[in-house]
Participant: 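For reference, the structure I am asking about is given below.
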2 protein chains.
Amino acid sequence: MTILRSPRLADGTARGIPDATVARLPVYLRALNALTEQGVGSCSSIELAEKAGVNPAKLRKDLSYLGSYGTRGVGYDVEYLRYQIAREMGQTQDWEVVIVGIGNLGSALSAYQGFSTRGIRVAALVDADPQRVGSTVSGLTVSSLDDLDAIVADRSISIGVIATPGDAAQQVADRLVAAGVTSILNFAPALVQVPDGVDVRKVDLSVELQILAYHEQRKTGTDSKEPKVSNA
Amino acid sequence: MTILRSPRLADGTARGIPDATVARLPVYLRALNALTEQGVGSCSSIELAEKAGVNPAKLRKDLSYLGSYGTRGVGYDVEYLRYQIAREMGQTQDWEVVIVGIGNLGSALSAYQGFSTRGIRVAALVDADPQRVGSTVSGLTVSSLDDLDAIVADRSISIGVIATPGDAAQQVADRLVAAGVTSILNFAPALVQVPDGVDVRKVDLSVELQILAYHEQRKTGTDSKEPKVSNA
DNA sequence: AAGAGTTTGTGAACGCGTTAACAAAATCGA
DNA sequence: TCGATTTTGTTAACGCGTTCACAAACTCTT
Ligand SMILES: NC(=O)c1ccc[n+]([C@@H]2O[C@H](COP(=O)([O-])OP(=O)(O)OC[C@H]3O[C@@H](n4cnc5c(N)ncnc54)[C@H](O)[C@@H]3O)[C@@H](O)[C@H]2O)c1
Ligand SMILES: NC(=O)c1ccc[n+]([C@@H]2O[C@H](COP(=O)([O-])OP(=O)(O)OC[C@H]3O[C@@H](n4cnc5c(N)ncnc54)[C@H](O)[C@@H]3O)[C@@H](O)[C@H]2O)c1
């Protein structure tokens, strides 16, 4: 499979933003929101980069993929830049999400208020357990897995979250895809196969801790100073 | 700051495994565990790579950083390789973790049984809310933030999880570091600054969904076929 | 014992992401 | 108006990660 990212369209609009940049744009948005709350109207790339925890050159490079929204010698208008990034990220609309598997993690996600300000709305909850179906979690009624098709179609939901045990993950993914979902966030420790056209992202919290444990072992094992933020 | 990763030590032991490889080793471990459960005693790089969802060449390259644990013409002994990776990852011991902020997410993490098989043990729970302190969550008593120093010292805990609201994250990180924690997993949507020698990893679930939303927007916006697993 | 077949381990090429460095473009003061 | 100053947008170099491709090393058959 040849993956080529069209760098620039005929109309000159910048398209095909690198994955690494897309992953940082929400961080810039968060920093810009914080600046707005502080009443800051404009800022330089250095200031914004510091707030976002990235290199200023990287920030400018990232923003350059969207267009030229700053003013040389001046900096960026906070509100204007915030809007441009939000638009690029599709955050001018709310994206409705269905969570499948309303156990410990699914319930926590359902209760989270922080999604709404990021353009995410938890629109429906689904579980296979008859005991949970019909109950109310964070103001939403838990529906049966059998109603998934109707729920997704009704609300034209395109994003699904898998918070079931690992051995149910593939089966749930299949049901989500069949219902019309084209993006999946998978919390289960299992690979899910999906057809072309469907995006899957996986979050594995065990792996995060295991990576930290690895570095811990190296710290205690040797006295070589090699510490750093080990995230990206 | 010059970060140079010592490629190979005097004793010939492979050291300084690339970050990208470290992040995949737990995935290989999981695949190997699954093979063991299925009674499979040995496997090729192709089989294991398929189970782990990676390119076979990448798998072999990753394993080559640990040493030469396969047999040409044959493949890998599942149990032997599993042990070697586990040893490299520091999974021959259990790593004790303290969770700070026992709200929705912290409680879900506390209840999670899947950590134990990955060498992670949730050893202590801490919260600032007097109403929560003293209560029992998943069999553990929630302690006060004031007792953090004693808890970390007593159990020689080196890993901390921040599951508090964002505006408390820095303060909690400072307390963790002061108590002696040298690795932090941060779920709060905030940057935390830590001194050299302390590792921080950040997990931002909003960002994960925002990235999916971005790709969704591009799917509907244009009819250009550019779908793929957008994770790493 | 030798050749055919298999699969690992790795050198080398390639591509993406990061960062430094600087020209272009704006403001400001004289 | 012009030069000094500031800061963006972008080019180019660099480094890391991925992938190909193949020699090395092992098994199996004859
Ligand atoms: N809880 C955590 O902190 C945590 C941490 C890391 C990973 N995870 C992973 O996240 C997932 C969920 O974890 P959890 O702790 O919430 O588990 P849980 O057991 O509390 O909840 C799982 C839920 O999924 C439902 N379910 C099972 N099969 C289903 C199906 N086929 N269709 C729909 N629903 C189904 C169950 O009824 C249950 O409500 C698991 O895969 C787990 O490994 C959780
Ligand atoms: N719940 C989710 O699904 C979810 C999703 C994405 C991000 N997050 C992030 O994870 C964090 C926790 O989320 P949550 O939903 O569990 O929040 P929550 O409000 O349910 O729980 C927060 C807990 O932290 C405690 N706390 C507050 N200040 C503290 C301090 N200084 N020291 C110790 N404890 C303190 C509170 O008493 C509370 O028990 C937040 O930063 C949130 O943004 C959560």
Side-chain angles (χ1 to χ4, degrees), chain A residues 1-8 12-14 16-25 27-28 41-50 52-78 80-81 84-85 226 228-232, chain B residues 1-8 12 14 16-25 27-28 41-50 52-78 80-81 84-85 211 226 228-232:
Chain A
M1 174 171 53
T2 322
I3 297 175
L4 61 154
R5 203 154 38 204
S6 50
R8 202 160 277 274
T13 317
I17 298 173
D19 291 345
T21 297
V22 171
R24 282 188 295 267
L25 291 179
V27 180
Y28 302 153
S42 94
C43 67
S44 70
S45 65
I46 297 174
E47 293 171 276
L48 186 54
E50 193 161 334
V54 302
N55 183 303
K58 190 190 284 187
L59 168 70
R60 292 202 299 274
K61 183 91 172 160
D62 284 340
L63 296 183
S64 76
Y65 291 115
L66 311 191
S68 188
Y69 298 131
T71 309
R72 297 179 191 219
V74 178
Y76 300 94
D77 182 276
V78 170
Y80 180 59
L81 182 58
Q84 293 299 339
I85 298 179
E226 203 180 330
K228 63 178 171 176
V229 176
S230 58
N231 218 12
Chain B
M1 174 172 52
T2 322
I3 296 176
L4 60 157
R5 203 155 37 203
S6 50
R8 202 161 278 273
I17 297 173
D19 290 346
T21 297
V22 170
R24 282 187 295 266
L25 291 179
V27 180
Y28 303 153
S42 92
C43 68
S44 70
S45 64
I46 297 173
E47 294 171 275
L48 186 54
E50 194 160 334
V54 302
N55 183 302
K58 190 189 283 188
L59 168 70
R60 292 202 300 275
K61 189 87 162 158
D62 283 342
L63 296 183
S64 76
Y65 292 115
L66 311 190
S68 188
Y69 298 131
T71 309
R72 297 180 191 218
V74 178
Y76 301 93
D77 182 276
V78 170
Y80 181 59
L81 181 60
Q84 293 299 339
I85 298 178
I211 293 170
E226 203 180 331
K228 65 179 165 166
V229 176
S230 58
N231 218 11

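Labels below follow one simple rule: chain letters A, B, ... track the order of the sequence lines, proteins then strands, and each chain is numbered from 1.
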Participant: Could you tell me the separation between the CG atom of B/Leu63 and the P atom of C/dT8, rounded to a whole number of Å?
Facilitator: 9 Å
Participant: Return the set of residues passing side-chain hydrogen bond (donor to acceptor under 3.5 Å, both in side chains) with B/Tyr80 (not counting sequence neighbours), or none when no residue passes.
Facilitator: none
Participant: Ignoring hydrogens and geometry, is there a side-chain-to-backbone donor-acceptor pair from B/Glu50 to B/Glu47 under 3.5 Å?
Facilitator: no
Participant: What's the CG-P distance between A/Leu59 and C/dT18, to the nearest Å?
Facilitator: 12 Å
Participant: Using atom NZ of B/Lys61 as one end and atom P of D/dT18 as the other, report the distance to the nearest whole Å.
Facilitator: 11 Å
Participant: Rounded to whole angstroms, how far apart are CG on A/Asp62 and C1' on D/dT11?
Facilitator: 16 Å
Participant: For residues A/Ala52 and A/Val27, report the shortest heavy-atom separation together with the two atoms involved.
Facilitator: O-CG1, 3.7 Å
Participant: The side chain of B/Asn55 is closest to which nucleotide in this list: D/dT19, D/dT11, D/dG17?
Facilitator: D/dT19
Participant: Between A/Asp19 (CG) and C/dG15 (P), how many Å, whole number?
Facilitator: 17 Å
Participant: Which atoms form the tightest heavy-atom contact between A/Leu59 and A/Ala49, and what is the distance?
Facilitator: CD2-N, 3.6 Å
Participant: For A/Glu47 and D/dT8, give me the distance from atom CD to atom C1', rounded to whole Å.
Facilitator: 14 Å
Participant: Describe the nucleic acid contact of B/Ala57 in one word from base, sugar-phosphate, nothing, applying a heavy-atom distance below 4.0 Å.
Facilitator: base
Participant: Once rounded to the nearest 0.5 Å, what's the spacing between atom OG of B/Ser42 and atom OH of B/Tyr76?
Facilitator: 11.5 Å
Participant: Figure out the CG/C1' separation between A/Leu48 and D/dT8, and round it to whole Å.
Facilitator: 13 Å
Participant: Identify each atom pair where a protein N or O and an N or O of nucleotides 1-7 of chain D are less than 3.5 Å apart, giving names and distance.
Facilitator:
| unit_1 | atom_1 | unit_2 | atom_2 | d |
| --- | --- | --- | --- | --- |
| D/dT7 | O4' | A/Gly73 | N | 3.1 |
| D/dT7 | O2 | A/Gly73 | N | 3.2 |

Participant: Rounded to the nearest angstrom, tell me the gap between atom NZ in A/Lys58 and atom C1' in C/dG17.
Facilitator: 8 Å
Participant: Find which nucleotide of DNA chain C each of A/Arg24 and B/Ser68 is nearest to by heavy atoms, and output the residue with the more 5' nucleotide.
Facilitator: B/Ser68
Participant: Among A/Val22, A/Ile17, A/Leu25, exactly one meets side chain to side chain contact (heavy atoms under 4.5 Å, CB included) together with A/Tyr65. Which residue is that?
Facilitator: A/Ile17
Participant: Side-chain contact, heavy-atom cut-off 4.5 Å: A/Tyr28 with A/Val54?
Facilitator: yes
